[in-house]
Amino acid sequence: AMEKSYTSMFLLLVAISCALAKDVGKKEAKETTAKPKLPQTLSRGWGDQLVWTQTYEEALFRSKHRYRAPLRTAPRPLAPPRPLTRTLFFSSNKPLMIIHHLDECPHSQALKKAFAEHKDIQKLAEKFILLNLVYETTDKNLSPDGQYVPRILFIDPSLTVRADITGRYSNRLYAYEPSDISLLYSNMQKALKLMKTEL
């Protein structure tokens, strides 16, 4: 009887071990088939090929200041020696487009998808200094009618928030939905046009 009891116990342990081994194998298979998470970029999915600024301060600086870039010149033959570098000044001369959104907001995600998939918007966005924020700034000018998401503001190079470029909602002036993507596109064109006529 004792031998029978040991045999039963041994078979029970083998059965439990096999069951546990199958569960571990399933978990490992699930982990290997899961998609690897891509590293976060400044675009946060709004357009990976576009140039995005990292902070509000950087965006303001780029829109307001003139940059210095060295311009190399080759010495002319039989001319007195000149320095090999001169400074070339240029300004960005681009309006700023700021997108406020949240990663966990379904409205923000839907607008991001529409924005990223719209080829004309992606092309036109190259003419802007771009910033997308997942946090609020301390600058109250960026929330003229409240802190809601998603909202998109246009700021001209004189650092003025364009209150005349809004979405279609009277209670959330700077809100856009995926169905408003053509309005957003025309507002981007308007921001560029106003900048050219006013500067």
Side-chain angles (χ1 to χ4, degrees), residues 37-65 67 90-199:
K37 189 168 182 168
L38 297 173
Q40 186 80 336
T41 65
L42 290 178
S43 80
R44 294 183 180 94
W46 289 86
D48 291 337
Q49 80 286 356
L50 298 170
V51 177
W52 295 86
T53 54
Q54 189 167 0
T55 64
Y56 178 53
E57 291 74 19
E58 177 191 352
L60 289 177
F61 181 84
R62 286 186 56 194
S63 67
K64 185 177 181 180
H65 290 86
Y67 297 96
F90 64 95
S91 64
S92 68
N93 206 27
K94 293 181 177 181
L96 174 58
M97 183 166 79
I98 299 181
I99 303 170
H100 290 267
H101 65 101
L102 292 174
D103 288 333
E104 62 274 2
C105 169
H107 301 287
S108 296
Q109 293 302 317
L111 182 61
K112 179 196 309 187
K113 184 176 187 302
F115 186 95
E117 291 175 354
H118 197 285
K119 288 181 174 36
D120 292 334
I121 281 185
Q122 291 293 303
K123 185 160 183 65
L124 195 59
E126 294 172 0
K127 298 179 179 182
F128 288 83
I129 294 172
L130 300 167
L131 175 64
N132 68 71
L133 297 172
V134 289
Y135 58 87
E136 289 295 334
T137 67
T138 56
D139 189 335
K140 298 300 179 200
N141 293 316
L142 295 183
S143 53
D145 64 337
Q147 295 182 346
Y148 52 87
V149 294
R151 73 179 184 277
I152 299 177
L153 297 154
F154 295 95
I155 300 172
D156 65 26
S158 71
L159 304 186
T160 303
V161 174
R162 296 306 308 227
D164 55 340
I165 303 176
T166 60
R168 65 181 172 107
Y169 305 100
S170 60
N171 61 336
R172 293 172 292 136
L173 292 176
Y174 305 98
Y176 294 87
E177 292 183 1
S179 59
D180 303 328
I181 206 74
S182 59
L183 174 61
L184 176 58
Y185 180 72
S186 66
N187 279 347
M188 290 170 71
Q189 290 176 315
K190 184 178 179 182
L192 290 168
K193 185 178 179 183
L194 287 172
M195 186 195 76
K196 287 179 184 173
T197 59
E198 292 179 1
L199 291 181

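Counting only distance, with no hydrogens or angles, the side chain of R62 and the backbone of L130 share no donor-acceptor pair below 3.5 Å. No side-chain donor-acceptor contact under 3.5 Å links W46 to the backbone of L131. Under a 3.5 Å cut-off, the side chain of S43 and the backbone N or O of G45 do form a donor-acceptor pair. Side chain of T53 to main chain of E58: no donor-acceptor pair is present (N/O by atom type, distance under 3.5 Å, no hydrogens or angles).
Contact of the H101 side chain with the R44 side chain is registered, since non-hydrogen atoms from C-beta on lie closer than 4.5 Å. In this structure the side chain of N171 never reaches within 4.5 angstrom of the side chain of Y148, judged on heavy atoms. Under the 4.5 Å side-chain criterion, counting only non-hydrogen atoms from C-beta, F154 is not in contact with L194. Looking at heavy atoms from C-beta onward, T137 lies out of side-chain contact with I98 at the 4.5 angstrom threshold. In this structure, the side chains of L153 and P144 come closer than 4.5 Å at one or more pairs of heavy atoms. The shortest distance between side-chain heavy atoms of L192 and P95 falls below 4.5 Å. Under the 4.5 Å side-chain criterion, counting only non-hydrogen atoms from C-beta, D103 is in contact with Q109. Side-chain contact between N187 and I152: absent, with no pair of heavy atoms (C-beta onward) separated by less than 4.5 Å.
Here the closest non-hydrogen pair linking F115 and L184 is CD1-CD2, 3.8 Å. Between K94 and P157, the closest heavy-atom pair is O-CG, 3.7 Å. The shortest non-hydrogen separation linking S170 to L173 is O-CD2, 3.8 Å. When all heavy atoms of A163 and Y174 are compared, the closest pair comes out as CA-OH, 3.4 Å. Across Y135 and Q54, no two heavy atoms sit closer than the pair OH-O, 4.4 Å. Nearest heavy-atom pair, V149 versus C105, reported as atom, atom and distance to 0.1 Å: CG2-SG, 4.1 Å.
With rounding to the nearest 0.5 angstrom, the CG atom of N132 is 8.0 Å from the CG atom of L42. Note that NZ of K190 and CD1 of I165 are 6.0 Å apart. Values are rounded to the nearest 0.5 Å. Rounding to the nearest 0.5 angstrom, the gap separating the CG atom in L60 from the CG atom in L159 is 5.5 Å. Rounding to the nearest 0.5 Å places NZ of K113 at 15.0 Å from OG of S108. Between the CG atom of L102 and the NE2 atom of H107 there is a distance of 11.0 Å, given to the nearest 0.5 Å.
Sorted by first then second residue, the side chain to side chain donor-acceptor pair (under 3.5 Å) pairs that include residues 119-131, not counting sequence neighbours, are Q49-Q122. Here salt bridge (Lys or Arg N to Asp or Glu O under 4.0 Å) pairs that include residues 175-186, with residues two or more places apart or in two chains, are R168-E177, R168-D180.
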* When you look at I155 and N141, which way does the side-chain contact (heavy atoms from CB on, under 4.5 Å) test go after all the steps? -> CA-CA 10 Å; I155 300 172; N141 293 316; over 6 Å; no

* To do: Evaluate side-chain contact (heavy atoms from CB on, under 4.5 Å) for I99 paired with W52, printing each intermediate quantity in order.
  => CA-CA 11 Å; I99 303 170; W52 295 86; 4.0 Å; yes

* side-chain contact (heavy atoms from CB on, under 4.5 Å) evaluation trace for F128 with L96 -> CA-CA 6 Å; F128 288 83; L96 174 58; over 6 Å; no

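Looking at residues two or more places apart in sequence or on another chain, you find no salt bridge (Lys or Arg N to Asp or Glu O under 4.0 Å) involving R172.
Dense packing is recorded around NE2 of H118, with more than 12 heavy atoms of other residues, nucleotides or ligands lying under 6.0 Å away.
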